[in-house]
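The structure under discussion appears below in the form of structure tokens.
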Number of protein chains: 2
Amino acid sequence: MNTVKLNTFVNKGKAMGTKERRAREKEQLRQQILSAARELFVNEGYENVSMRKIANKIEYSPTTIYLYFKDKADLLDSVCQETLLNLLNTLEELKEDTSDPVETLRKSGKIYVEFGLKYPQDYKLTFVIRPQFQEGLGLQEGSIGEKVFNYLRVMVSECIKQKIFRQVDVETTGQVMWSAVHGVTLLLIDFPDFPWTEKDTLIDTVIDTTIKGLQA
Amino acid sequence: MNTVKLNTFVNKGKAMGTKERRAREKEQLRQQILSAARELFVNEGYENVSMRKIANKIEYSPTTIYLYFKDKADLLDSVCQETLLNLLNTLEELKEDTSDPVETLRKSGKIYVEFGLKYPQDYKLTFVIRPQFQEGLGLQEGSIGEKVFNYLRVMVSECIKQKIFRQVDVETTGQVMWSAVHGVTLLLIDFPDFPWTEKDTLIDTVIDTTIKGLQA
DNA sequence: TATTAATATGAATACTGTTAAGTTAAATAC
DNA sequence: GTATTTAACTTAACAGTATTCATATTAATA
């Protein structure tokens, strides 16, 4: 009794890459689940997607999903992480010279809203649904969410440094900007039949108004 | 066969007020269901409230609820109508002289956000959850939602009339204001653990920034 | 008192997330 | 090459869900 594994890292023989292959396969299935979940969440809404539906799509038993994700909320969380990464990449594509930081901020704001409108369900999943199922998500050290907000921080502080914006708290300034773009994005998504002003006009006006209001 | 009711309005005899009493009782139960639903929705979240739970609370069978409301979404809708009325009343309590329309707008914005933070679940139910379950809600003629937005319209147009705000579209201006307060309200509700600036500072800055940005 | 109408319910349908126990198949040990 | 261990996956079940339909109860009227 009490057998001890001796070959934990003394892995002689040709079966060398076995573990790696298995890990790769495991990761593959994880990704498969993830993208099936995203597709269903986006097309049918988080609440209308069952674990069984996801399982059917990938042709596995529902319980298999639980070997890869703690529960449905965890699945949602992983989907949202991807979305945030996506958003971050989209924003960083801009990355122009900071000689005119206000223009950079303006463009970033526009990109943010457009991202939300291009993937409305993903946006809501990330910024509205997820917080409901996963409480206590602040800005965890090293998280993608933190990276996104840092992107905003850098832009804003450049505007303040160049004395274009009022010399107030960087944090507050960034949060004001976020409020504005978040607000208009969600309103446009949630009330598509509201008699909005022409969409791009509204978005531009929201961003311009906020920037003007922040200027020194 | 084919019996015809003759006493539809020739209602002789003492049983005169019966119909009225029955109607009153029916309305009472409707209200009872409604307030039980609101309480549960608010405390446990729409998704975590079952028809059975509501039924238990009012000590009726679950099926009874369906005699008063079409389905769960209809129940949600009615709860949200009440919330909007509540919001409208809260806003109209302000109703001061319009000699300083900007100050009125500022206070109204603050009241709006504070309402959202005081009843966060009601706010989300009304402005985020409901649109998901009931699509196509623009601004229906005579609806309470329309009344709320009209309140905003009036304030804004006064600011424009007095040439304090830029001479741009009233609609757009109102929508910009709404975006700002909606955005900050939802962010504060959904990400309570985010390292926000002091709450009231943030709210005031959002409102002040927007107003400043709108000024001529 | 009998009839009619309103109101409420029990049982059933077809779902839901999740768990515990069991099965199968692959990799390792001897 | 056979036995054992480990990993991957599934079956069955639990306790719950929204909703519907046929039935029962209750109250008002004829």
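Lettering follows sequence order; numbering is per chain, from 1. Just so you know, these numbers use all the heavy atoms, side chains as well, and skip hydrogens, waters and symmetry mates.
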Mark yes or no: A:Lys72 above the aromatic ring of A:Tyr46, with NZ or CZ under 6.0 Å from the six-membered ring centre and no more than 45 degrees from the axis. yes

Within this structure, what is the CD-to-C1' distance between B:Glu44 and D:dT17, rounded to whole angstrom? 15 Å

For DNA chain C, determine which residues of residues 49-76 of chain A have any heavy atom closer than 4.0 angstrom to one of its atoms, and list them numerically. A:Val49, A:Ser50, A:Met51, A:Arg52, A:Thr63, A:Tyr66, A:Asp71, A:Lys72

Just to verify, which of A:Glu158, A:Glu171, A:Glu146 counts as forming a side chain to side chain donor-acceptor pair (under 3.5 Å) with A:Arg153? A:Glu171

B:Thr205 pairs by side-chain contact (heavy atoms from CB on, under 4.5 Å) with which of A:Val168, A:Asp169, A:Thr172? A:Thr172

Pairing of A:Asp122 and A:Arg38 as salt bridge, 4.0 angstrom limit: yes

Are more than 12 heavy atoms from other residues, nucleotides or ligands located less than 6.0 Å from atom NZ of B:Lys53? yes

Give the rounded distance in Å between these two atoms: CD1 of A:Ile33 and C1' of D:dC9. 11 Å

Taken to the nearest whole Å, CG/A:Asn48 to P/D:dT19 is 12 Å

Starting at CD of B:Glu47 and ending at P of D:dT17, how long is that distance when rounded to a whole Å? 13 Å

Any ion pair linking B:Arg130 and A:Asp190 (charged N to carboxylate O, less than 4.0 Å)? no

When rounded to whole Å, the NZ to C1' distance for the pair A:Lys26 and D:dT6 reads 12 Å

